[in-house]
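A short write-up of the structure that comes next.
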Amino acid sequence: MAASKDSLFRSVDMTLTQLYVANEIGREVVSALGELGCMQFRDLNPDTSAFQRTFTQEIRRLDNVERQLNYFRSQMEKNDIGMRPIYEFSNTMAAPTATEIDELADRSQSLEQRIQSLNDSYETLKKRETELTEWRWVLREAGGFFDRARGQTEEIRQSIEETDDAPLLRDVEQANGSTEAQGGQQSFSVMNIGFVAGVIPRERMAAFERILWRTLRGNLYMNQSEIPDAIIDPEKNEEVHKNVFVIFAHGKEIIAKIRKISESLGADIYNVDENSELRREQIHEVNSRLQDLSNVLGNTKRTLDAELTQIGRSLAAWMIVIKKEKSVYQTLNRFSYDPARKTLVAEAWCPTNSLGLVKSTLQDVNDRAGHSVPTIVNQIKTSKTPPTFNRTNKFTLGFQTIIDAYGTAKYTEVNPGLPTIVTFPFLFAVMFGDFGHGAIMALAAIAMIYWEKPLQRGKQDELFGMAFYGRYIMLMMGIFSMYTGLIYCDAFSKELSLFPSMWTWNFPDNYEPGMQVTAQRVEGYTYPFGMDWRWHDTDNDLLFSNSYKMKLSIILGWAHMTYSLCLSFVNARHFRSPIDIFGNFIPGMIFFQSIFGYLVFTIIYKWSVDWYAIGQQPPGLLNMLIYMFLQPGRVDEQLYPGQGTLQVVLVLLAVVQVPILLFLKPFYLRWEHNRARAQGYRGLGETSHVTAAGDDDDEEAQEGHQQPNGRPSIADSEMDGGAMITQDIGHGEGEEEFEFSEVMIHQVIHTIEFCLNCVSHTASYLRLWALSLAHQQLSIVLWSMTLANAFGFTGALGVFAIVCFFFVWFALTIAVLVVMEGTSAMLHSLRLHWVEAMSKHFIGDGVPFEPFSFQVMLEEEMNELM
Amino acid sequence: MANGWSLLISIIFIVVFSIVSWFASPKGETQTVWRSTLVLSAWACWLMWAITFLAQWHPLITPQRADLRPEYVNGPVKSNAAMLF
């Protein structure tokens, strides 16, 4: 095939190319090809593990730099420092030189150390600050505890030593506050009461209390109070609510026990002096230390922030540079190295049309590097299946994604993505038909397309991201929905009286409200576009529209499936397999048309006959179709003369196709295979082996390709390396052995599936009717439950009610009718494409084309780096 | 205004439209997409229109309703421009 224009109709022609790149400029060449993004490099060292490859060292080094950059990034996130978005860099696509990479690596190394040390000191300081804050709280709260506790010791002491000079002492205490405190404190030591003070996370408080109570059997006096402000945990950077507690208990051992328990539960214990003077001093000291600390902290934080801001200015660009560089080396690892000639040998799939571009790019790289040895590009013939690549633009991308989500098309088979551009939104619109809802959808899509650039850069949530990705699909869906809305004569469930109606109301003479009125047809006039609006709100509206929409679905389904079936003919022609035409396409088509084509014919025929004018009862089509099979030849209600005979012929025609479908292809293939055998031909895989065996040591050479180190031993051979590697490719997948039983089973399955599917798929298109009915009824209900009620009010209340109900109605229209119903109609349309249409022609065992492209690689990162 | 001939006329119109869009599609990479999209859209829309037209050509049932007001007897709305929302 000559170098044809690439179109969406088939996947692009691919060529397997072989590149000989001088070792010195390997990195530059690959980087230039990465910018170009149209080559898929084959792995020439499949047996080599990742560690044994040539450029592992470089990749490790870059990994380290990447880790450092990620570290900066996490630090920036932790400190809420924004990164300069990637879009502000003008030349993100320029390839960096090797020295730039080295500089970057050194720089990030030193920066990492600096950030780390700053960070460490910051964290230490922060921890210290937290501790001091906690201590301050303990000191402050403990004062209150001590006062209360002392009150109790008074009582205790009184109860123990009644005879002492208690009254005197009490007087003194009452007279002098400080002595009182001392007296109280003395009493603690006198009574051998010790205490533990500290803080503990609030949620552990209950457990802490319970454990203490149980282990000490209630021999403790515990006080606690909540710290009103949350305390920030410096390690995790989250807020923790904590409680201060003071526990008084009797005896050293118990105190030690309490300490242990509290430590094990994550409490921090602080030193609190019994003496209130000392305590006050402690508070003072803590406060001044906190002051100093916060100064130092502020300084450290500022330095850290400044440093991180500085990094943030160029971090995005660095990350891209490193990612690119890493992918370059990963690609280079797929090349095989020829030590004798100091060249790298690469094999890559490349669209045939892009070869010129590739060659000129390589020439450029060579000129820039001032290298004398040019990079050689060879085209290789191979039996390997090329990858499937459909060139898309932003309009076709969404539609192609729909198809690729189902499966990758076989190389150069008809790409269903092309007709899908129309059929997908159209079938959607048949289900979604409403002018108003379609307009909303189209406007939303137009808005997304108009503000494409800013939206692309902004963060998108999942639902919006999906809608944005499919904005052109949405546009088409909206436009077609507006059209089908006009056809259905529906705009937000109300009629559109674009043309004079074909019906006039024929009021009887003695008309009273509530009487049934029947319309009369305007003679010789048919409503020219879409449904007549007089059908709206009539009593028998559904009777008419159901019959119409059901037939509409069947006819559209028939048209869609016939179209898809024809694509299988195009495929068979393209792959030069006439047996697929005679054994599959033609019998299949006859089968389908003689049943469902005939059904469509009768539907149209019945419509075009004026049954009342000729004075006949219109026959029921469903019964006709059923009796066509049950009792061929018998016609109860005649549609047209000679109907019985024609139906018998059609049924016979359809039945005869089944054995043809079943046997023609397998037996033809067997005959062809046997004839080829008889003439002495052998399978392709076998032949390559035989011809290659002309050389004595060929077996060894073949072995040589699978050497443990995995590099094809090009150097041992005088032959051109290309030929060897190409054989290696072909070797992997010889022609499959012809197995009649397998072909036969495959064909039986295909036949059964095809015949049954003709019936079930046609029925499946009835979903078009069901969903459009549901959509219409739902919008009528919504209207009558909201806005229609509002029109019942008058005066100021009426204005108010209309405004209120309008918002309710509009919000529900968007949420339920456009978004929810739209999604469901879209899924149904998707199914009709994947199952009903694509099963008629799609071969789909292709390998997707995954070119080495910086753009593709960075696309995801771009979103992250905003 | 509209009778059986409209079917024939519409087919001619769509055929002409298809031919024109085939040749008038912008050249280049997107030509196939333009052609396929325009022609297919035209035929899909035509098919839908034709089915709707056929369904109403010789209707078997006529509209009936029981909620018409007596004022309606003399002059039902005949305008063809007002959209009745």
Side-chain angles (χ1 to χ4, degrees), chain A residues 6-9 391 393 396 418-419 421-423 426 483-484 487 491-492 494-500 502-505 507 511 513-521 524-532 534-535 537-540 543-544 548 551-552 555-556 559 604 607-611 618, chain B residues 1-10 25 27-85:
Chain A
D6 292 341
S7 73
L8 202 58
F9 186 55
R391 261 188 225 284
N393 51 30
T396 50
L418 185 63
I421 293 171
V422 176
T423 52
F426 188 79
Y483 177 80
T484 52
I487 291 276
F492 295 118
K494 295 283 112 183
E495 66 263 40
L496 292 161
S497 47
L498 296 176
F499 299 95
M502 61 189 274
W503 303 101
T504 49
W505 292 115
F507 288 96
Y511 179 75
M515 270 174 68
Q516 182 95 345
V517 186
T518 309
Q520 197 173 31
R521 180 158 182 196
Y525 170 65
T526 310
Y527 194 68
F529 186 82
M531 287 269 279
D532 195 316
R534 273 274 148 87
W535 279 110
D537 302 320
T538 53
D539 297 337
N540 51 359
L543 211 63
F544 179 75
Y548 152 68
K551 287 169 179 169
L552 171 84
I555 297 176
L556 287 181
I604 292 173
W607 272 339
S608 36
V609 171
D610 192 352
W611 295 97
Chain B
M1 183 172 158
N3 52 35
W5 284 104
S6 11
L7 279 171
L8 199 68
I9 295 164
S10 64
S25 289
K27 302 272 182 297
E29 290 257 301
T30 55
Q31 194 179 32
T32 319
V33 175
W34 274 106
R35 281 178 175 173
S36 138
T37 307
L38 287 175
V39 174
L40 253 175
S41 304
W43 283 98
C45 290
W46 174 81
L47 188 61
M48 183 111 178
W49 170 83
I51 291 167
T52 316
F53 181 85
L54 280 168
Q56 298 182 95
W57 196 14
H58 302 297
L60 297 174
I61 56 169
T62 51
Q64 292 174 336
R65 63 191 292 182
D67 57 350
L68 290 175
R69 272 173 283 160
E71 301 93 270
Y72 218 54
V73 177
N74 295 322
V77 186
K78 264 194 176 161
S79 85
N80 54 1
M83 288 191 186
L84 298 179
F85 274 88

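Every chain is numbered from 1, with letters handed out A, B, ... down the list of sequences.
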For this session: Output yes when a side-chain donor or acceptor of A/Tyr525 lies under 3.5 Å from a complementary backbone atom of A/Pro500, and no otherwise.
Result: yes
Residue part contacting chain B, namely of [X], when any heavy atom lies under 4.5 Å:
X        : answer
A/Asn393 : side chain
A/Thr396 : side chain
A/Pro618 : side chain
A/Tyr483 : side chain
A/Met515 : backbone

Exercise. Should B/Arg65 and B/Asp67 count as an ion pair when the cut-off is N to O under 4.0 Å?
Worked result: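 So B/Arg65 pairs with B/Asp67 through a salt bridge.
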Problem set entry | Option in A/Ile421, A/Ile487, A/Leu543 with maximal non-hydrogen atom pairs under 4.5 Å from chain B |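 Looking at each of A/Ile421, A/Ile487, A/Leu543 in turn, A/Ile487 comes out on top.
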Seminar exercise, completed: One option among A/Ile555, A/Thr423, A/Leu8 has the most heavy-atom pairs under 4.5 Å with chain B, and it is A/Ile555
For this session: Against chain A, work out which of B/Ala50, B/Ala66, B/Ala44, B/Pro59 has the most heavy-atom pairs shorter than 4.5 Å and name it.
Result: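 Heavy-atom pair counts peak at B/Ala66.
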Exercise. Chain A: which of B/Leu7, B/Leu54, B/Thr30 shares the most heavy-atom pairs with it under 4.5 Å?
Worked result: B/Leu54
Exercise. Considering only heavy atoms, which portion of B/Leu47 lies under 4.5 Å from any heavy atom of chain A: side chain, backbone, both, or neither?
Worked result: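 The side chain, not the backbone.
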For this session: Mark yes when over 12 heavy atoms from residues, nucleotides or ligands other than B/Trp34 sit less than 6.0 Å from its CH2; otherwise mark no.
Result: no
For this session: Mind checking the CH2-CG spacing from A/Trp611 to B/Leu60? Nearest 0.5 Å is all I need.
Result: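 Nearest 0.5 Å value for the CH2-CG distance: 9.0 Å.
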Exercise. Going by distance alone, is a donor N or O of one side chain under 3.5 Å from an acceptor N or O of the other, for A/Arg521 and A/Thr526?
Worked result: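 The answer is yes; a qualifying pair exists.
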Problem set entry | Distance-only donor-acceptor check, side chains B/Ser10 and B/Trp46, under 3.5 Å |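 Yes.
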Exercise. Parallel, tilted or perpendicular: which describes the rings of A/Trp535 and A/Phe544, with under 30° parallel and over 60° perpendicular?
Worked result: parallel
